[in-house]
J.: 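Pasting a structure below so you can have a look.
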Amino acid sequence: MARTFQINQLFLDLSPLETIGLAVSERLGLGSDWWRLVGSKSEVTEEIAETVERFRLGDVMHQRTAILPYGKQRLLEIALAFACRPKLLLLDEPAAGVPEAERQELLATISALPTDVTVLLIEHDMDLVFSFADRISVLVNGGLFVEGKPEEVARDERVKKVYLGEELDA
């Protein structure tokens, strides 16, 4: 399992290339020499290149993370988690704070992840959830309230009441 945070947790002085290189190298047990190995181990360089491409970071891969647009930083954080090769990827509000112009790129990238990686999305933006999810679990006061396919949840009157602030019938 790997996760991202609602607020980015990145190495601001490293580039996306260096950040992904560090994650891949560490996962392969080469972390102590990651900076030397990036150019010398084909399995490391190939995986870094694939990850940079998959997460649409090629145009900024040599820039310091601190100066990247926020949407690119979010993509980098997801790429960093993905580089750990999880079976379960937990994304905590991945679109929070991302400008509208950058949201589609973020969503398209998440949607294109391999199907052998389960994505658990914690999100309050219902448009985003319904455009992405195969299955939705609605929690109320920390407990499971409704679970099902997006179209089932969207039609559920209890969900509508809760999210419109109406009282539920007992």
Side-chain angles (χ1 to χ4, degrees), residues 1-12 14-32 34 38 41 43-58 60-61 65 68 70-98 102-154 156 159 162-163:
M1 181 181 110
R3 69 163 296 186
T4 65
F5 297 87
Q6 185 176 355
I7 298 172
N8 289 336
Q9 305 289 311
L10 295 168
F11 303 105
L12 297 178
L14 296 181
S15 69
L17 186 69
E18 293 166 328
T19 300
I20 294 167
L22 177 60
V24 171
S25 296
E26 186 62 34
R27 192 191 79 246
L28 294 174
L30 306 169
S32 62
W34 72 272
V38 166
K41 296 281 189 184
E43 69 268 24
V44 174
T45 56
E46 288 170 15
E47 187 173 337
I48 293 167
E50 290 169 7
T51 304
V52 164
E53 183 178 332
R54 175 182 301 278
F55 288 91
R56 305 169 190 220
L57 296 166
V60 296
M61 70 179 167
T65 296
L68 297 180
Y70 192 64
K72 290 291 188 182
Q73 289 183 13
R74 295 301 291 164
L75 284 169
L76 177 57
E77 185 163 42
I78 298 167
L80 184 59
F82 182 81
C84 296
R85 293 275 172 98
K87 299 253 187 250
L88 173 64
L89 183 58
L90 174 61
L91 304 179
D92 187 0
E93 297 200 44
V98 176
E102 298 173 53
R103 288 170 63 92
Q104 288 308 79
E105 180 180 44
L106 180 75
L107 260 184
T109 303
I110 294 170
S111 293
L113 290 175
T115 56
D116 64 338
V117 177
T118 300
V119 177
L120 178 60
L121 187 69
I122 299 170
E123 185 59 63
H124 293 93
D125 180 335
M126 292 298 102
D127 290 335
L128 186 149
V129 170
F130 282 103
S131 72
F132 175 77
D134 294 328
R135 186 156 189 80
I136 296 175
S137 299
V138 178
L139 304 178
V140 174
N141 297 325
L144 183 61
F145 185 64
V146 172
E147 188 171 43
K149 294 180 180 180
E151 55 275 5
E152 295 167 352
V153 172
D156 191 298
V159 172
V162 166
Y163 278 90

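Computed from a predicted structure; not experimentally measured.
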J.: Could you walk me through whether E18 and F11 pass the side chain to side chain contact (heavy atoms under 4.5 Å, CB included) check?
T.: CA-CA 9 Å; E18 293 166 328; F11 303 105; over 6 Å; no
J.: CZ/R27 to CG/L22 distance, rounded to the nearest 0.5 angstrom?
T.: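 So the gap between those two atoms works out to 12.0 Å.
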J.: Taking C-beta and beyond as the side chain, do I78 and L89 meet within less than 4.5 Å on heavy atoms?
T.: yes
J.: Taking distance alone, no hydrogens or angles, what donor-acceptor pairs closer than 3.5 Å link side-chain atoms of residues 143-151 to residues at least two apart or in another chain?
T.:
unit_1: E147; atom_1: OE2; unit_2: S137; atom_2: OG; d: 2.7

J.: Checking side-chain contact (heavy atoms from CB on, under 4.5 Å) against I20, which of L14, L80, V44, I48 comes through?
T.: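 That would be I48; it is the only one of L14, L80, V44, I48 passing the side-chain contact (heavy atoms from CB on, under 4.5 Å) with I20.
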J.: Are the side chain of Q73 and the backbone of L68 linked by a donor-acceptor contact shorter than 3.5 Å?
T.: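 Confirmed, Q73 side chain pairs with L68 backbone.
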J.: Taking it one step at a time, do Q104 and L107 satisfy side chain to side chain contact (heavy atoms under 4.5 Å, CB included)?
T.: CA-CA 5 Å; Q104 288 308 79; L107 260 184; 3.9 Å; yes
J.: Taking R3 for the side chain and D92 for the main chain, is one N or O donor matched with an acceptor at less than 3.5 Å?
T.: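 Judged by distance alone, no pair lies under 3.5 Å.
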J.: Closer than 4.0 angstrom, basic N to acidic O: yes or no for E102 and R74?
T.: no
J.: For E53, is the CD atom crowded, meaning more than 12 foreign heavy atoms sit under 6.0 Å from it?
T.: no
J.: Going by ring-ring contact (aromatic ring centres under 6.0 Å, His included), name the residues that satisfy it together with F132, two or more places apart in sequence or in a different chain.
T.: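 Applying ring-ring contact (aromatic ring centres under 6.0 Å, His included) to F132 gives none.
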J.: Find the distance between CD1 (I122) and OG1 (T4) and round it off to the nearest 0.5 Å.
T.: 8.5 Å
J.: For G71 and V98, which heavy atoms make the closest approach, and how far apart are they?
T.: CA-CG1, 4.0 Å
J.: Does K72 reach the main-chain N or O of R56 with its side chain, forming a donor-acceptor pair under 3.5 Å?
T.: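 Flag set: sc K72 to bb R56 pair under 3.5 Å.
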J.: Is there a donor-acceptor pair closer than 3.5 Å between any side-chain N or O of E93 and the backbone N or O of L91?
T.: no
